[in-house]
Amino acid sequence: MPQTITRGFKTLLEEASAKIKSLSPADAIALHGREDTVFVDLRDPRELEREGRLPGAFHCPRGMLEFWIDPESPYHKPFFAQDKTYVFFCAGGWRSALSAATAQDMGLKPVAHVEGGFKAWKEAGGPVEVTPPKP
Ligand SMILES: O=S(=O)([O-])[S-]
């Protein structure tokens, strides 16, 4: 029997967007480098190699997010225990919207995500670090 998806990705994104703070790329660029703000890159390693990195961003593959945030998880990362604003981003802004909503639901605060993701960040003139190709 075929599956019936009752809450599709658009619904999930709408619900997430309604409860999280979305930053325009320009607003996100203005926050970059501030002591009280950290950027979380949710992309896969191959995307980072291919597209470059946002300087200073912490790389958290999306699949590990909940386990790295929760201090009771054996995989917890102290990075997620700071008194800072967490700005999530991905390639296009979908994974980061869902991730910011999840992080917020878990109690992480304050959180935000970058609308349009790394693509929009680059187009807006945000700094990018290029990873040298592997020999
Ligand atoms: O999650 S995504 O917007 O980078 S496809």
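Numbering starts at 1 and runs along the sequence shown. Because the structure is a prediction, the values reported are computed rather than measured. Counting starts at 1 for both ligands and their atoms, in listed order.
Ring pair Phe80/Tyr86: centre-to-centre distance below 6.0 Å.
The environment of NZ in Lys122 is crowded: more than 12 heavy-atom neighbours from other residues, nucleotides or ligands sit within 6.0 Å. By the 6.0 Å contact criterion, NZ on Lys84 is enclosed, its count of non-hydrogen atoms from other residues, nucleotides or ligands being greater than 12.
Salt bridge Asp44/Arg46: absent, no basic N to carboxylate O contact under 4.0 Å. Between Asp105 and Lys19 there is a salt bridge, with a side-chain nitrogen of the basic residue lying less than 4.0 Å from a carboxylate oxygen of the acidic one.
Closest to atom 3 (O) of ligand 1 among all protein heavy atoms lies Trp94 N, 2.8 Å.
Near Cys90, the atoms of ligand 1 lying under 4.0 angstrom from a non-hydrogen atom of the residue are 1 (O), 2 (S), 3 (O), 4 (O). Within ligand 1, the atoms closer than 4.0 Å to a non-hydrogen atom of Gly92 are 2 (S), 3 (O), 4 (O), numbered from 1 in the order shown. The atoms of ligand 1 that sit less than 4.0 Å from any heavy atom of Ala91 are 4 (O).
The closest approach between any non-hydrogen atom of Gly93 and ligand 1 is below 4.0 Å.
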